[in-house]
Structures are given as structure tokens and as C-alpha cells.
J.: 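Pasting in a structure now, in C-alpha cells, and then I'll have a few things to ask.
Whatever order the structure lists ligands and atoms in, that order sets their numbers, starting from 1.
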Amino acid sequence: MTDIQFNSSNQQFHLCNDNISYVMKLLPDGELVQVYVGEKIPNPKDLSYTISTQNRPLSLFSEENNNNYAMQLIRREYPDYGNGDFRIHALEIMQENGSHITCFKYKSHEIFSGKKTLPSLPATYVEDDLEATTLEITLHDPEIDVDCVLSYSIFQDFDAITRNTKFVNHSNTPYHLTKAMSFNLDLPDQDYHMITLAGVWAREREIVRTPLRHGIQGIYSNRGHSSSEHNPFLALVRPNTDEFQGECFGFTLVYSGNHLAEVEADTQGMCRVSVGIHPQGFDWKLTDSFQTPEAILVYSKDGLNKMSQTFHNLLGKRLCRGYWRDKPRPILLNNWEATGMNFSETQILDMAKEGKELGVELFVLDDGWFGGRDHDKRGLGDWFVTDEKKLPSGIAGLSQKMKEIGIDFGLWFEPEMVNEDSQLFREHPDYVLCTPNREKSLGRNQYVLDFSNPEVVDCIYNMMAKLLKEADISYVKWDMNRYITQCYSEKLPKDQQGEVFHRYILGVYALYQKLIDQFPKVLFESCASGGSRFDAGMLFYAPQTWASDDTDAIERTKIQYGTSMLYPTSSIGAHVSVVPNHHNHRVTPFLTRNHVAMFGAFGYELDLSVLCSEEKKVVAEQISYYKMYRSVFQYGKFYRLANPFSENVCSWMSVTEDKSEAMVLYCQILAVPNVMTKFLKCKGLNANQLYSVEGFTETFTGNELMNIGIPIYSDMWAQSLPDFTSKLFHIQSL
Ligand code: DGJ
């Protein structure tokens with residue numbers, strides 16, 4: 001159960017559920033400070049003794065008559081700028097007189113059951129008010145008459161606290177909000193390692209772990225989307241923390257635009273974590289109010305696996321929404337790697353027929369079906385012009401033919417983009433983001449539409465909605481293939497140009513929401529040149545994301561392993577493709593490609609009709625196997641067992657909630673000569689339960705499987721499995 005108490009005698013707030021506590025305190029002058037976060041402390045006493053009140057050389061006091069504490073030495077909940085705290089600050093407001101000094105102190109608070117939604121922004125939610133309790137603390141700066149409302153929700157079933165901040169301007173002066181972080185957390189020491197998910201196209205979300213050093217370190221995106229360079233995720237873990245033991249704080253931002261997450265290890269031995277919209281280029285004209293995105297803090301005292309499982313549950317169950325949230329995700333066949341933009345209706349229907357025969361449930365027609373798009377210089381934006389040379393029956397006709405075949409039909413869009421060679425651009429050159437009197441830069445031969453302009457969003461909505469109404473479409477792949485540059489909107493006045501990046505993302509969310517309202521059963525899969533917009537914000541609208549254009553099974557072990565740090569398996573789009581792989585030319589066994597992709601929203605990215613009969617047989621078997629165990633793969637509790645970033649093996653497993661069944665992947669990267677039998681220790685089983693393990697005639701107790709492990713035999717020449725070979729073990733309780 002969750003509880004939030006305010007003890008008026010010691011001015012202390014305590015937020016807790018069964019496992020975690022978060023404690024804050026009001027100082028006599030109304031300054032709000034953090035005093036404890038971590039494992040639950042039931043009924044904490046007055047924790048004033050944790051607040052530094054000693055005077056130190058060069059400390060500054062914000063009030064002349066109050067030198068009880070120095071700003072630089074206390075742990076502040078939402079640090080403002082310019083009053084003697086020289087660490088990174090959470091907010092900045094430019095005022096008419098040129099000052100950006102503010103001084104926010106406690107004004108009031110409110111505690112209530114449940115959790116509010118955030119207008120126009122994605123956020124975690126509750127289905128019953130008993131699932132969470134919320135505290136809203138209003139801070140106020142009387143000089144500018146602005147409130148800053150800090151909102152905290154603690155969940156009953158997840159060891160997580162969500163936060164967001166709202167600024168309300170009660171004055172008649174339009175200030176400029178130039179920094180508005182969602183989250184600040186000051187911790188009393190800095191004995192941590194920082195974990196982030198860095199990457200690049202085709203190598204998304206590689207796990208990077210470094211000890212904290214003095215100074216500021218962090219991750220960011222200023223590309224207009226969350227990016228493959230730095231996923232909006234950061235964890236602070238103790239140096240001895242590993243997958244199964246040790247303390248971890250994990251942070252993410254429920255947002256898909258520019259972001260910044262920083263950690264400052266100061267020279268007094270404390271550290272500060274700050275998460276929110278990137279302030280670079282951000283300048284919001286604060287006439288009435290501004291709402292930040294939500295940030296999530298997850299706490300685990302039992303290692304990274306536990307932290308990830310909390311994220312998986314929270315994001316999977318209380319961030320993803322709608323018809324598809326808990327449903328088995330369809331096995332799909334996508335034509336992109338097989339045909340690119342060069343296809344005919346006959347070819348597409350042949351692929352779909354073959355897919356249907358082998359058990360595929362959904363055919364996805366990727367890029368190239370519209371606006372004369374034989375190459376990537378033409379057509380984006382013309383979602384009303386089907387390429388009739390390729391598809392003589394149009395999209396509606398094609399979808400009917402798919403229906404006759406008995407397979408669902410999905411379609412690719414890139415709603416936020418336009419090519420110069422398109423009817424949309426010829427009619428509306430004013431619809432693109434560009435800076436007056438400067439060159440517009442092209443990326444993949446396309447411009448970015450000005451989604452900060454609701455007229456543009458409506459125009460794209462009308463085209464997409466018409467098609468979704470006319471044709472039988474059950475899935476949409478929403479792509480986004482370039483970064484945002486020359487970010488300027490013709491529609492906004494000069495003093496609001498700093499709002500364009502954020503308004504753009506609000507426009508993206510608005511379009512998603514309109515489509516979801518109108519077509520609630522359509523499954524959306526988000527994509528941005530593969531996995532460049534894999535973030536919690538997107539999951540609110542699109543329950544799955546194409547994890548990477550890199551479909552090589554060995555690269556995928558790393559990509560999916562890193563992605564699993566916070567995103568649930570059901571959200572990870574993972575497909576089997578041809579060899580040599582298109583991106584790294586590696587040749588991996590068909591089975592390995594299948595095994596790795598099965599731990600995700602599974603599908604194929606190749607022309608099944610050109611496979612030989614033996615391969616087709618394997619595909620049919622794999623698909624029926626996947627269907628049998630789909631819920632274990634997609635919705636089981638996920639455990640990482642061997643790390644492909646540091647070991648020559650990747651291993652993970654997925655266990656049903658009742659521990660009766662599990663699926664285990666063991667994937668050898670390179671073969672090693674002369675090795676002994678290895679034992680793969682499982683996790684999450686029932687110790688006293690007897691289990692069968694696929695491939696073994698003898699049975700094992702859960703205890704044996706977790707403490708001794710599944711034997712991985714070497715062959716008679718004492719060679720481990722060959723390069724890139726995998727094994728998949730189904731474990732079943734008896
Ligand atoms: C990038 C995506 O990641 C691919 O899967 C494919 O949809 C192409 N775009 C199409 O242009």
C-alpha cells in the first residue's frame with residue numbers, strides 16, 4: 001500500500017510503499033530539502049540531523065538574518081538559480097528587468113489518492129485510485145508571483161516515484177522560462193557508477209558504465225527526438241552493484257524530444273541528478289502556465305535486474321495503454337529488407353500468401369507505396385496518392401486482397417516529413433520547419449514538417465485517417481528518418497521561437513492521440529531510422545518500437561540486451577532477416593536469428609517465398625513454436641543472465657508470473673576450442689518445483705537449475721558451440 005504523510009510538528013513529508021521511502025523536509029524559511037530516498041524506513045523520525053547546518057569557508061547565506069544553512073551545502077528538491085547554490089539548477093526564469101534570479105519557497109501542499117493525467121503529454125496512469133498516492137507541493141516566488149508545483153506520485157505495485165513540475169504565472173507579466181527540469185534529486189554521497197545507453201544508428205543502446213568523477217557528466221539529445229545517441233535513461237548504482245545485488249536508482253523521462261540528464265558530483269561529496277527537457281534552445285513564454293514532462297525514478301536494492309523488471313512492469317502496464325497493451329502481439333512479415341521501394345502488387349501478395357501459409361498473422365507494407373516513390377527523393381507527404389504503377393488496386397484494394405488471403409494488413413507512414421518533390425510541398429512550402437533567409441538542410445532528401453503548427457498536424461491527420469477509414473488497416477509503422485535542424489516556425493512570433501522543439505513533439509503526440517481516438521484497435525509501432533526514438537513517451541501511444549535497422553542476430557543480442565535495461569520485451573520489435581546481413585554482412589544460422597528475435601514483438605523481414613522448402617519448414621515450425629509460447633516470450637519476467645558486451649555469450653530468460661514456465665536463450669558469440677561443459681544458472685524459478693528442460697530427458701528442481709544450472713555441453717572435440725550458435729530451452733513445471 002502507498003502512503004504520503006506530512007508531519008506538521010517536524011515539517012517532514014514521507015512518501016512510501018511497502019519497499020521504498022522518500023523523505024523531504026521544510027526548513028523554517030520554506031526551503032524544501034531532500035533528506036532520504038531508498039529502502040523503506042517505516043515512520044522515520046525527524047531527520048534534521050542529516051541536514052548540514054555547519055558554516056564552512058566561502059559558504060553563502062541567502063538571507064541576511066538566516067545563517068542556519070548554506071544553499072551550497074543542503075540537498076534541495078528543486079534548486080533555483082543565483083542564491084548561493086552553484087550546482088546545476090532545475091529552473092531558470094528570465095524577467096523583464098533582465099534578472100533570472102528566483103527564490104521559490106513553500107506555499108502549500110495537497111495529498112490525494114490516485115494520479116492526475118498530464119494535459120497533452122504522455123504519463124504513467126492508474127486504473128484505480130488505490131494504486132498510487134500523489135503529493136503536490138506548491139512553491140512560490142512572491143517577487144514575480146509565479147507558482148512552481150512539484151508533483152510526486154508513489155505507486156503501490158512498483159518501486160517507483162514519478163515527478164513533474166508545473167509553472168503557473170499569476171502575474172500579468174509574460175516571463176520567459178528558459179529551464180524547466182522535470183526532476184532533481186540530491187543524494188548525500190557520490191559513491192556511484194553511472195550507467196547510460198549510448199549508441200548510434202544500427203548500434204543503439206549500448207550499455208556504458210563509468211564511475212562518477214567530480215564535475216558534471218550526463219547525456220542529452222538536441223536532435224529534436226530522443227535519439228539513438230543517448231537514450232533518455234540514466235542509472236546510478238553502487239560500485240559493487242551487479243545484475244542481482246546492490247543499490248540502483250534508475251531515471252527516465254517520459255518524453256520523445258530534446259532531453260538532458262546530468263549528474264553533478266560536487267566537491268563536498270554529494271551528488272545531484274537532474275532530468276528534463278534540454279534547456280538549449282528552450283525558451284517558453286510563460287503567460288499562464290507550463291507543464292514539464294513526467295520523469296520516473298525507480299529504486300532497487302537488489303541489482304539491475306530488479307530495477308529493469310520494475311521499469312518493465314510500470315512501462316508495460318501503466319504507461320502503455322489501450323487495446324493492445326496486454327494482447328499477444330501479432331507475428332508480422334515486413335517487406336522492407338526484401339524489396340525496398342521496388343515492388344509490385346503481385347510480389348507483395350505472393351509474399352503475404354507465403355507468410356499466411358507459414359503462420360504469419362500480419363503483413364506490413366513498408367516505404368514506397370505512395371506518391372510515385374521509386375526512390376527517397378519523392379513522395380513523402382502525399383499520403384493520398386497511391387503509386388498505381390506498383391499497386392493498381394490502391395491501398396484499399398490491396399487490403400481487401402490481404403483479407404481474402406486471411407492475413408491482417410499494416411502500412412508504413414512517415415507522417416512528420418515531406419519531400420520537395422511532392423504535391424504537399426508544392427502547395428504548402430510554408431509547412432516545413434526552416435529559418436528565414438537561411439538554407440534549409442535536407443536529411444535523407446526530406447524536410448521536417450512544422451508539427452508545432454496545428455494546421456499541419458490536421459492536414460496529415462486528414463490524409464492518414466481517410467486511408468485508415470477506406471482500407472482495412474490494423475497496424476501502422478510510424479517512421480521518422482531525420483533530425484531536426486533550422487528549428488523555426490513561421491507561425492510563431494519571435495519571442496516564442498524557443499517553444500518550437502517542444503511544440504513539435506506536442507504536435508506529434510496530438511496526431512497520435514487523434515488517430516488512437518479514431519482507430520483504437522490499430523496497433524502502432526514507432527520507428528525512427530530503426531531505434532532512434534525508443535523512449536517512454538512513445539510507448540504511451542505506440543506499444544511497440546522497431547528496435548534497430550540492424551537485424552544481425554549477434555548485434556541484436558547487444559541491442560536487445562541494452563534495450564531491456566528499461567523497456568519491456570513486448571515493446572521491442574525484433575525480426576528475422578536474410579544472411580549475409582544487410583548491415584554488417586555477417587552470416588549467422590537461421591535458428592540463432594529466430595531465437596534472438598523471439599524475445600520481442602516477433603516477425604520476419606525477408607521474402608519467405610524465395611526460401612527453399614527446408615527453410616520454409618523451419619519457419620513454419622518456429623512460428624507455431626512461438627505461438628505456443630508467445631505469452632512467455634512477450635510478457636514473462638525478464639532476467640539477464642550473461643552480458644554480450646563483456647562476455648563471449650549472451651543469455652537471458654523469461655519466466656511466467658506463476659513460475660511454471662520459462663524460456664531461456666543461450667547464444668554463443670565466437671566458438672572457443674577445448675572448453676569444459678558450462679552451466680547456465682537460471683533465475684526466478686520455484687526452488688522446490690520439479691521442471692523439465694527441453695533437450696534433456698532427466699528432470700531438474702528449480703533449486704538445481706538456479707544453483708547448478710543447465711549444462712551447456714561441448715562437442716567431442718571439446719569445442720564449444722560453433723560461432724553464432726544459439727540454444728533455446730523451454731522449461732516447464734511438472
Ligand atoms: C527506416 C526504418 O527503420 C526501416 O525499417 C524502413 O522502414 C525504412 N526507414 C523505410 O524508409
J.: Look at Lys390 together with Asp374 and state whether they make a salt bridge at an N to O cut-off of under 4.0 Å.
T.: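 Judged by the 4.0 Å cut-off on N to carboxylate O distance, Lys390 and Asp374 do form a salt bridge.
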J.: If the test is ring pair (Phe, Tyr, Trp, His ring centres under 6.0 Å), which one of Tyr512, Tyr504, Tyr509 qualifies with Phe451?
T.: Tyr504
J.: Trp369 vs Trp383 aromatic rings, parallel, tilted or perpendicular, using cut-offs 30° and 60°?
T.: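 Ring orientation, 0 to 90° scale: tilted.
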J.: For residues Lys327 and Gln634, report the shortest heavy-atom separation together with the two atoms involved.
T.: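 Of all heavy-atom pairs spanning Lys327 and Gln634, the closest is O-OE1, 4.4 Å.
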J.: In Å and rounded to the nearest 0.5 Å, what is the CG to CZ distance from Asp366 to Phe343?
T.: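 Result: 8.5 Å between the selected atoms.
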J.: Taking Arg426 first and then Glu420, would you say they form a salt bridge - that is, a charged N and a carboxylate O separated by under 4.0 Å?
T.: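 Here Arg426 does not pair with Glu420 in a salt bridge, since their nearest N and O are not under 4.0 Å apart.
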J.: Show the distances, to 0.1 Å, for all pairs joining an N/O atom of ligand 1 and a protein N/O atom that are shorter than 3.5 Å, listing one pair per line.
T.:
unit_1: ligand 1; atom_1: 3 (O); unit_2: Gly530; atom_2: N; d: 2.8
unit_1: ligand 1; atom_1: 3 (O); unit_2: Asp549; atom_2: OD1; d: 2.4
unit_1: ligand 1; atom_1: 3 (O); unit_2: Asp549; atom_2: OD2; d: 3.2
unit_1: ligand 1; atom_1: 5 (O); unit_2: Lys477; atom_2: NZ; d: 2.7
unit_1: ligand 1; atom_1: 5 (O); unit_2: Trp546; atom_2: NE1; d: 3.4
unit_1: ligand 1; atom_1: 5 (O); unit_2: Asp549; atom_2: OD1; d: 3.4
unit_1: ligand 1; atom_1: 7 (O); unit_2: Asp366; atom_2: OD1; d: 2.7
unit_1: ligand 1; atom_1: 7 (O); unit_2: Asp366; atom_2: OD2; d: 3.2
unit_1: ligand 1; atom_1: 7 (O); unit_2: Trp412; atom_2: NE1; d: 3.1
unit_1: ligand 1; atom_1: 7 (O); unit_2: Lys477; atom_2: NZ; d: 3.0
unit_1: ligand 1; atom_1: 7 (O); unit_2: Asp479; atom_2: OD2; d: 3.3
unit_1: ligand 1; atom_1: 9 (N); unit_2: Asp479; atom_2: OD2; d: 2.7
unit_1: ligand 1; atom_1: 9 (N); unit_2: Asn481; atom_2: ND2; d: 3.4
unit_1: ligand 1; atom_1: 11 (O); unit_2: Asp367; atom_2: OD2; d: 2.7
unit_1: ligand 1; atom_1: 11 (O); unit_2: Arg444; atom_2: NH1; d: 2.9
unit_1: ligand 1; atom_1: 11 (O); unit_2: Arg444; atom_2: NH2; d: 2.9

